[in-house]
Amino acid sequence: MLIFSVFKTLTDQTVTVELKNDLSITGVLKSVDQFLNIRLDSIKVLDEARHPHMMAVKNCFIRGSVVRYVQLPAAAVDTQLLEDATRREAANQTKK
Amino acid sequence: MSSLQGYVDHKVLLILQDGRAIVGTLAGFDQRSNVVLSDSKERVFSLEEGVEEVPLGLYLVKGDMIALVGEVDAAIDESVDLSTIRADPIPPIRY
Amino acid sequence: MDGVSQGIQEPFDLVRLSLNERVFVKLRGDRQLTGVLHAYDGHMNLILSDVEETIMIVEPLDGASDVPSTVKVAKRNMEMLFVRGDGVILVSPPSRT
């Protein structure tokens with residue numbers, strides 16, 4: 001739930017999603033759901049010459065399970081807030 | 001899976017876990033992102049020759065098999081001569 | 001649980017105590033990362049900053065199998081990175097040197 005919330009705060013930011021098939025897609029984060037499925041707008045595939053498969057695709061839906069990494073804009077991430085929220089969630093987890 | 005809602009009746013490109021690329025019109029989908037495509041074609045990429053389109057017709061793809069769904073800009077897509085495109089197929093998803 | 005283990009009772013406690021510290025992460029696909037840990041969850045999804053990724057690319061030499069295959073190492077830096085938990089093999093706290 002924590003990570004889902006983080007992604008929600010990053011809506012409308014530009015991110016780069018690296019897939020487990022080695023495709024890297026940069027785009028504007030439009031939405032995310034509980035499975036961390038991701039909607040990107042204004043996308044650009046890295047190394048387009050080698051990957052022309054998505055030339056005509058301008059926005060896409062990426063299944064959360066095929067994501068390896070998401071590169072985030074560091075300026076939009078409050079690391080102190082993240083650490084506090086993580087400790088809080090960890091404490092809730094052990095209480096259960 | 002509200003994210004696929006905007007794509008209904010639009011031309012989409014599916015990239016599957018095994019690396020296949022399928023284009024078609026999104027006829028419908030469900031909660032598990034199972035997808036029905038109408039008038040679909042597989043695009044087979046290779047370095048040796050241009051892209052080959054294999055007609056598949058009405059196709060149901062299980063959500064588990066899907067890596068990515070992209071909305072195809074019809075104008076851009078139609079302006080591209082697929083027979084001139086040479087590229088390696090997309091690699092399969094490796095966990 | 002003695003005092004030396006600083007209240008580490010379960011594996012995730014070790015990860016929690018590594019928050020805001022540089023950690024080493026081993027991933028599937030012959031990848032490894034070091035970075036400062038800022039968030040994690042029960043799936044081992046991670047958010048790291050100041051990340052260096054190292055990828056080992058093994059190139060088997062064709063022909064004789066007694067010839068050792070060459071290993072290429074590729075490195076990359078990323079400012080802020082979300083890592084999906086299903087690729088994580090281990091998270092190791094910083095070495096106290």
Side-chain angles (χ1 to χ4, degrees), chain A residues 1-11 13-26 29 32 34-38 40 46-47 62-96, chain C residues 1 6-23 25-57 74-89 91 93:
Chain A
M1 236 27 200
L2 171 91
I3 302 280
F4 172 44
S5 309
V6 174
F7 274 109
K8 274 200 289 189
T9 67
L10 294 172
T11 308
Q13 299 277 351
T14 300
V15 298
T16 300
V17 182
E18 184 174 323
L19 274 49
K20 290 184 185 122
N21 58 16
D22 291 335
L23 230 54
S24 279
I25 304 170
T26 302
L29 183 67
V32 63
Q34 50 170 334
F35 306 112
L36 305 183
N37 297 322
I38 290 173
L40 290 184
L46 204 79
D47 196 359
I62 300 167
R63 216 153 181 280
S65 61
V66 304
V67 172
R68 181 185 293 132
Y69 302 136
V70 183
Q71 286 174 244
L72 311 171
V77 179
D78 182 337
T79 54
Q80 184 63 53
L81 202 79
L82 277 186
E83 289 159 23
D84 294 344
T86 302
R87 287 197 187 92
R88 228 175 299 128
E89 191 168 87
N92 283 333
Q93 227 61 45
T94 42
K95 250 185 271 166
K96 271 181 218 166
Chain C
M1 301 304 145
Q6 302 171 43
I8 295 181
Q9 272 146 36
E10 45 178 290
F12 269 113
D13 291 345
L14 193 68
V15 185
R16 194 188 67 238
L17 291 169
S18 304
L19 279 169
N20 200 222
E21 303 259 17
R22 185 161 282 277
V23 293
V25 182
K26 188 170 159 62
L27 296 170
R28 287 172 177 255
D30 304 316
R31 289 162 196 266
Q32 55 195 50
L33 306 172
T34 66
V36 180
L37 180 68
H38 297 296
Y40 68 88
D41 66 11
H43 302 288
M44 284 265 205
N45 292 318
L46 310 172
I47 295 177
L48 305 168
S49 72
D50 191 15
V51 181
E52 183 182 78
E53 183 196 36
T54 308
I55 313 173
M56 313 280 190
I57 306 157
K75 279 187 193 283
R76 228 181 3 152
N77 289 281
M78 288 160 287
E79 232 183 333
M80 187 69 68
L81 190 70
F82 161 77
V83 182
R84 192 168 163 96
D86 58 2
V88 176
I89 294 170
V91 179

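Basis for what follows: all heavy atoms, side chains included, without hydrogens, waters or symmetry-related copies. Since the model is a prediction, treat every value here as computed from it, not as a measurement.
Heavy atoms of A/Asp78 lying under 4.5 Å from chain C are absent altogether. Looking at A/Gln71, the atoms closer than 4.5 Å to chain C (heavy atoms on both sides) sit in the backbone and in the side chain alike. With a 4.5 Å cut-off on non-hydrogen atoms, A/Glu18 touches chain C through its side chain but not through its backbone. With a 4.5 Å cut-off on non-hydrogen atoms, C/Leu33 touches chain A through its side chain but not through its backbone. For chain C, the nearby part of A/Val6 is the side chain; its heavy atoms alone come within less than 4.5 Å. Proximity to chain A (any heavy atom under 4.5 Å) is shown, for C/Tyr40, by both the backbone and the side chain. Interface residue A/Leu2: only side-chain heavy atoms are found under 4.5 Å from chain C.
When side chains are defined from C-beta on, C/Leu37 does not count as touching A/Thr86, because their heavy atoms never get closer than 4.5 Å. At least one side-chain heavy atom of A/Arg87 sits under 4.5 Å from a side-chain heavy atom of C/Leu19.
Residues C/Leu27 and A/Tyr69 come closest through the heavy atom pair CD1-OH, 3.2 Å. In this structure, A/Ser65 and C/Asp86 approach most closely via the heavy-atom pair O-OD2, 3.8 Å.
When atom types are taken as modelled, the side chain of C/Arg84 and the backbone of A/Gly64 share a donor-acceptor pair closer than 3.5 angstrom.
Applying a 4.5 Å heavy-atom cutoff, the residues of residues 75-83 of chain C that approach chain A are C/Arg76, C/Met78, C/Glu79, C/Met80, C/Leu81, C/Phe82, C/Val83.
Chain A forms the most heavy-atom pairs under 4.5 Å with one residue out of C/Leu46, C/Val51, C/Asp41, and that residue is C/Asp41. Counting heavy-atom pairs closer than 4.5 Å to chain A, the top residue among C/Glu53, C/His43, C/Arg31 is C/Arg31.
Here the CD atom belonging to A/Glu83 is positioned 9.5 Å from the CD atom belonging to C/Glu21, to the nearest 0.5 angstrom.
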